[in-house]
Amino acid sequence: MSVRAIRGATTLDVDDRTHLHARTQELVEALMSANGLVPDDVISVLFTCTPDIVSDFPAAAARELGFGAVPLMCAQEMAVPGALPLVVRVLMHVETALERAEITHVYLHESVALRRDLAQ
């Protein structure tokens, strides 16, 4: 088993707590499924949000998926002029047998524009 980092992002249509939770959970579930993971494989997760997201913490949405024992942290992205708005990003550290080149990074909704080289 190796420690790997997995990247992902999604966007919101509006800054609303229910919508934030739904999109964050969609992203986390997609990352887990795409890489054949279960919560016990996850070492830690760092979420970031653009400064226009203030309705709740993405980590709260992950806890609802069974990540209560996983160290989770939220931070704010830099306020870069012209950057894509309403973005939730994730950096997930996991234990996996997958090689680095086999890791699937997931970019959903408008966030595909952030990493066209990684987006499916």
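Just so we're clear, the structure is a prediction, and the values are computed from it rather than from any experiment. Throughout, residue positions are numbered sequentially from 1 according to the sequence presented.
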Any donor-acceptor N/O pair, Ser111 side chain to Leu108 backbone, under 3.5 Å: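 It does hold such a pair.
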Expected output: side-chain His19 to main-chain Leu12 donor-acceptor under 3.5 Å: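 No: the side chain of His19 does not pair with the backbone of Leu12.
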Partners meeting salt bridge (Lys or Arg N to Asp or Glu O under 4.0 Å) with Asp56 (sequence neighbours left out):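 Applying salt bridge (Lys or Arg N to Asp or Glu O under 4.0 Å) to Asp56 gives Arg17.
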Contacts of Asp40 that satisfy salt bridge (Lys or Arg N to Asp or Glu O under 4.0 Å) - sequence neighbours left out: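 Per chain and number, Asp40 pairs via salt bridge (Lys or Arg N to Asp or Glu O under 4.0 Å) with no residue.
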Nearest non-hydrogen partners of Thr24 and Phe47, listed with the distance: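 In this case the closest contact between Thr24 and Phe47 is CG2-CE2, 3.8 Å.
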Thr48 and Glu77 side chains, donor-acceptor separation under 3.5 Å: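 Result is yes, a qualifying pair exists.
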Residues Asp15 and Ser55: side-chain donor-acceptor under 3.5 angstrom: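 A pair is found: one side chain offers a donor N or O, the other an acceptor, under 3.5 Å apart.
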With heavy-atom distances below 4.5 Å as the criterion, would you say the side chains of [X] and [Y] are in contact?
{"X": "Arg4", "Y": "Met92", "value": "no"}
{"X": "Asn35", "Y": "Glu102", "value": "no"}
{"X": "Thr96", "Y": "Ile103", "value": "yes"}
{"X": "Arg7", "Y": "Val90", "value": "no"}

Whichever hydrophobic residues join Val80 through chains of side-chain contacts under 4.5 Å: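 Val80 shares its hydrophobic cluster with Met78.
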Heavy atoms of other groups near Glu110 CD, more than 12 under 6.0 Å: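 No, CD of Glu110 has 12 or fewer neighbouring heavy atoms, counting only those of other groups under 6.0 Å.
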